[in-house]
J.: 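Pasting in a structure now, in structure tokens, and then I'll have a few things to ask.
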Amino acid sequence: MLQSALYLEGFNPGSFDSIFGKGTESALSKFQKAKKITADKKAGKATFTKLLAA
């Protein structure tokens, strides 16, 4: 779900393999920086709130 949401927001995590690897981590960090969320590379509440906002 995380990889798909990042991809739909324009942050390519690489392959959709359900593994939190380097590609997902990089995409997550870039997303967090772009949305002005603490770029801790963890998919916490603030990150999912921004990812899933309408």
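Since this is a predicted model, take the numbers as computed values, not measurements.
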J.: Same cluster for F16 and M1 if Ile/Leu/Val/Met/Phe/Trp/Tyr side chains link at under 4.5 Å?
T.: no
J.: Looking at CD of Q32 and CG of L6, how far apart are the two atoms once the value is rounded to the nearest 0.5 Å?
T.: 9.0 Å
J.: Would you compute the distance between atom CZ of F11 and atom OG1 of T24 and round it to the nearest 0.5 angstrom?
T.: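 Between F11 CZ and T24 OG1, I get 14.0 Å after rounding to 0.5 Å.
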J.: Could I get the full list of side-chain contact (heavy atoms from CB on, under 4.5 Å) partners for E25, not counting sequence neighbours?
T.: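 Once residues adjacent in sequence are excluded, the partners of E25 under the side-chain contact (heavy atoms from CB on, under 4.5 Å) criterion are F20, K41.
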J.: Distance from T49 atom OG1 to I37 atom CD1, nearest 0.5 Å?
T.: 8.0 Å
J.: Looking at Y7, I'd like to know if its OH atom is crowded, meaning that more than 12 non-hydrogen atoms belonging to other residues, nucleotides or ligands lie closer than 6.0 Å.
T.: no
J.: Got a second to check how far K33's NZ is from T38's OG1, nearest 0.5 Å?
T.: 12.0 Å
J.: Has E9 got a side-chain atom pairing as donor or acceptor with L52's backbone, closer than 3.5 angstrom?
T.: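 Absent.
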J.: Does I19 belong to the same Ile/Leu/Val/Met/Phe/Trp/Tyr cluster as L2, with side-chain heavy atoms less than 4.5 Å apart forming each link?
T.: no
J.: Got a sec, which residues hit side-chain hydrogen bond (donor to acceptor under 3.5 Å, both in side chains) with S15, two or more places apart in sequence or on another chain?
T.: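 Listed in chain order: D17.
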J.: If you round to the nearest 0.5 Å, how far is NZ of K36 from NZ of K50?
T.: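 Answer rounded to 0.5 Å: 9.5 Å.
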J.: Holding to side-chain hydrogen bond (donor to acceptor under 3.5 Å, both in side chains), I want the full list of residues that pass it with N12, two or more places apart in sequence or in another chain.
T.: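 Per chain and number, N12 pairs via side-chain hydrogen bond (donor to acceptor under 3.5 Å, both in side chains) with no residue.
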J.: Please step through side-chain contact (heavy atoms from CB on, under 4.5 Å) for the pair F31 and L51, ending with a clear verdict.
T.: CA-CA 9 Å; F31 172 80; L51 270 175; 3.7 Å; yes
